[in-house]
A.B. asks: 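The structure that follows is given in the form of structure tokens.
Not measured: the values here are computed from a predicted model. Within every chain, numbering begins at 1; the chains are lettered A, B, ... in the order of the sequence lines, protein sequences first and strands thereafter.
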Amino acid sequence: SLSQKLQRIFDKLKRKAKLTEKDIDLVLKEIRVALLEADVNYKVVRVFISRVKEKALGKEVMESFTPAQQIIKIVRDELVYLLGETSKGIIIKEPYPFLILMVGLQGSGKTTTCGKLANFLKKEKGKRPLLVGLDVKRPAASRQLAIIAEKIGVSYVIDESGNATPVELLGKALKKAEKEGYDVVIGDTAGRLQIDEDMMSELEEMERKYKPREILLVIDAMIGQEAVNVAKTFNERLGITGFILTKMDGDARGGAALSIREITGKPIKLIGTGEKLEDLEFFYPDRIASRILG
Amino acid sequence: FRGKTELGEEEIEEIEEILFQSDLGTQMVISIMDKVRDGVKKGEIKTYEDLEKLVKEDFLRILGEKKTLELKDGLNVILVIGVNGTGKTTFIAKLSKRLKKQGKKVLIAAADTFRAAGVKQMVVWAERLNIPVVAQQEGADPSSVVFDAISSAKARGIDVLIVDTAGRLHTKKNLMEELKKIKRVIMKNAPSAHLEVLLTLDATTGQNALIQAKNFHENLGVTGLVINKLDSTSRGGHIITIKNELNIPIIFIGTGETEDDLEEFNPEKFVEELFK
Ligand SMILES: Nc1nc2c(ncn2[C@@H]2O[C@H](COP(=O)(O)OP(=O)(O)OP(=O)(O)O)[C@@H](O)[C@H]2O)c(=O)[nH]1
Ligand SMILES: Nc1nc2c(ncn2[C@@H]2O[C@H](COP(=O)(O)OP(=O)(O)OP(=O)(O)O)[C@@H](O)[C@H]2O)c(=O)[nH]1
Ligand SMILES: [Mg+2]
Ligand SMILES: [Mg+2]
């Protein structure tokens, strides 16, 4: 583990009378590798390490009897601080209907997460959600959402005609929600690349016309270095309100969590921890910090 | 400043940044950069061009020759496996269209009986491409779907049976056991068939891709890799590390969401793209 590696370095340095900046650089190198191995973005690691170095050259480390522990504490605290607050999930407020759009790359877990969120809001918060299948491209996408909705006993709107555009469908669903008293509308959108001009414009049009109160970027926890560009572009073009990290039940270290926070400042609101509709958890920064550090 | 430039620390860090950001993986980048710094110190690497050439040659050596999908006479069975959402079902649509165009008799087994509309998604694709598909109701035992598909394949003189499976994390032991059972069913009921086990990887995945490949390979014996979503901004550098450690050939790459977005893996082209 990282703390064992750092302890070994400091044990070798114990015979020295005083720690030098060079000694600290050796330790920082080890921390840098740990973060890169966790898939934290290269440039984000550089910024993070320089911040940690500033603190590590202070009295608490240089004059400590347990410098390894002190540095680990600085790294952990900095990581937890950057990862943001413990989330309270999605808070649904008036005016109703409260529109939530789920967006992200292909296969990141949006449709499943829409089901999980609707299930959570219904069972834990007593809300009346309406699911909307805005993915009219992917084969059987509507069917996938319909099956999920029926499983959790939530109403849904999907494209029956085969020729509605996602924007029109969202408009229809919002009218239905107002008329029939649904308090929250959750729009499941098609997966898309952040560089796909037409697909990003489609989302911008939805955002312009219907002013969603939450635009959640769904990100696969195993994503690599491009997490930064994906998060940055979705945020710049749409103004996302938060992230959902999925597939955290795997063994990916999830360093993307730090990268997306550093680049956008937007909060991580929820965590997907499995394929079942109950597998949705709040975000706890200290748990994610431990996982990233390995 | 590309070209015949003197190699300072700035240029060396630039190459390190490119390598890291292509998802090559920490250990591989560290070992390459050690070689680079050594070569610069010895004066063997003088310019940025020398550097790029050295790294590209190393990658091409690791990736080896282009390898096409091996098909034999008689029944061929292609078992498609991989983590959730990595593009298995879409890849099968693309591959079956390609094989059908090459004159092969193709049959698809819609054996993702677990995920909502897992069967339906594969069936819709098969109908779109006018390719026969064997399916049962959702929730059926995937091994039983595979068993049916093999019987059907033998009866109809099928050349290639492609099996779609549910996505799964390699960390879930019971799901890996389910895959092993599917493989056993294939080997028991089509003992003379040529079996390929293709693992799909998402190009946007980071270093977990190596762990995925190791685990699936340990459990199933992977014969080829498919890297999907290379049309994204991710470079998919992890496949170089995977080839280096496991020596599994990369057969196909996925470059989009339509049935035509499939290419045979070309090592030279891939390495060129890595440095753009
Ligand atoms: N293990 C695990 N699997 C998940 C999780 N969330 C989603 N999945 C699985 O990931 C795969 C993709 O999920 P989808 O909900 O279809 O993803 P999507 O983003 O809607 O995909 P597109 O609409 O094609 O872009 C499915 O197999 C899901 O069951 C999670 O938290 N853990
Ligand atoms: N951009 C892009 N998208 C792709 C590619 N291959 C698949 N996709 C998309 O990725 C998403 C997931 O693809 P699927 O074929 O459903 O993936 P899967 O592995 O079968 O998913 P599960 O069965 O849920 O595990 C879909 O939206 C596909 O259209 C590709 O090469 N490029
Ligand atoms: Mg979806
Ligand atoms: Mg599938």
A.B. asks: Which atoms of A:Arg192 come close to chain B, meaning under 4.5 Å heavy atom to heavy atom: side chain ones, backbone ones, both, or neither?
C.D. replies: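 For A:Arg192, no heavy atom lies under 4.5 Å from chain B.
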
A.B. asks: Please identify, among B:Thr90, B:Asn84, B:Val124, the residue contributing the most non-hydrogen atom pairs under 4.5 Å to chain A.
C.D. replies: B:Asn84

A.B. asks: Mind ranking B:Phe114, B:Trp125, B:Phe20 by heavy-atom pairs under 4.5 Å with chain A and telling me who comes out on top?
C.D. replies: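 Looking at each of B:Phe114, B:Trp125, B:Phe20 in turn, B:Phe20 comes out on top.
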
A.B. asks: Any chance you could measure A:Asp188, atom CG, to A:Thr112, atom OG1, to the nearest 0.5 Å?
C.D. replies: 8.5 Å

A.B. asks: Heavy-atom cut-off 4.5 Å, strictly under: side chain, backbone, both or neither for A:Asp249 against chain B?
C.D. replies: both

A.B. asks: Is there a donor in the side chain of B:Asn208 and an acceptor in the side chain of A:Asp251, or the other way round, less than 3.5 Å apart?
C.D. replies: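 Side-chain D/A pair, B:Asn208 to A:Asp251: present.
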
A.B. asks: Are there residues of residues 170-180 of chain B whose heavy atoms fall under 4.5 Å of chain A's heavy atoms? If so, which?
C.D. replies: B:His170, B:Thr171, B:Lys172

A.B. asks: Identify which part of B:Val83 has an atom lying under 4.5 Å from any heavy atom of chain A, answering side chain, backbone, both or neither.
C.D. replies: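 For B:Val83, side-chain heavy atoms alone lie under 4.5 Å from chain A.
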
A.B. asks: Between A:Glu275 and chain B, which part of the residue has a heavy atom less than 4.5 Å away: side chain, backbone, both or neither?
C.D. replies: side chain

A.B. asks: What parts of residues 227-242 of chain B touch chain A if we use heavy atoms and a cut-off under 4.5 Å?
C.D. replies: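 Checking residues 227-242 of chain B against chain A gives B:Lys229, B:Asp231, B:Ser232, B:Thr233, B:Ser234.
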
A.B. asks: So for A:Leu36, is it side chain, backbone, both, or neither that comes closer than 4.5 Å to the heavy atoms of chain B?
C.D. replies: both

A.B. asks: So which part of A:Lys151 gets closer than 4.5 Å to some heavy atom of chain B, the side chain, the backbone, both or neither?
C.D. replies: neither

A.B. asks: If you count heavy-atom pairs within less than 4.5 Å of chain A, which of B:Glu16, B:Arg128, B:Gln212 leads?
C.D. replies: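 Looking at each of B:Glu16, B:Arg128, B:Gln212 in turn, B:Glu16 comes out on top.
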
A.B. asks: Taking every non-hydrogen pair under 4.5 Å, which of B:Glu257, B:Gln207, B:Arg115, B:Lys120 racks up the most with chain A?
C.D. replies: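 Top option by heavy-atom pairs under 4.5 Å: B:Gln207.
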
A.B. asks: Can you say whether B:Glu127 sits under 4.5 Å from chain A via the side chain, the backbone, both, or neither, judging by heavy atoms?
C.D. replies: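 Interface part for B:Glu127: neither.
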
A.B. asks: In terms of heavy-atom proximity below 4.5 Å to chain B, should A:Ile223 be classed as side chain, backbone, both, or neither?
C.D. replies: both

A.B. asks: Does any backbone or side-chain atom of A:Leu145 lie under 4.5 Å from a heavy atom of chain B? Answer side chain, backbone, both or neither.
C.D. replies: neither

A.B. asks: Cation-pi check, A:Lys266 to A:Phe243: give yes when NZ or CZ is under 6.0 Å from the six-membered ring centre and within 45° of the ring axis, no otherwise.
C.D. replies: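 No.
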
A.B. asks: Heavy-atom distances under 4.5 Å only: say whether A:Arg253 touches chain B with side chain, backbone, both or neither.
C.D. replies: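 Neither the backbone nor the side chain of A:Arg253 comes within 4.5 Å of chain B.
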
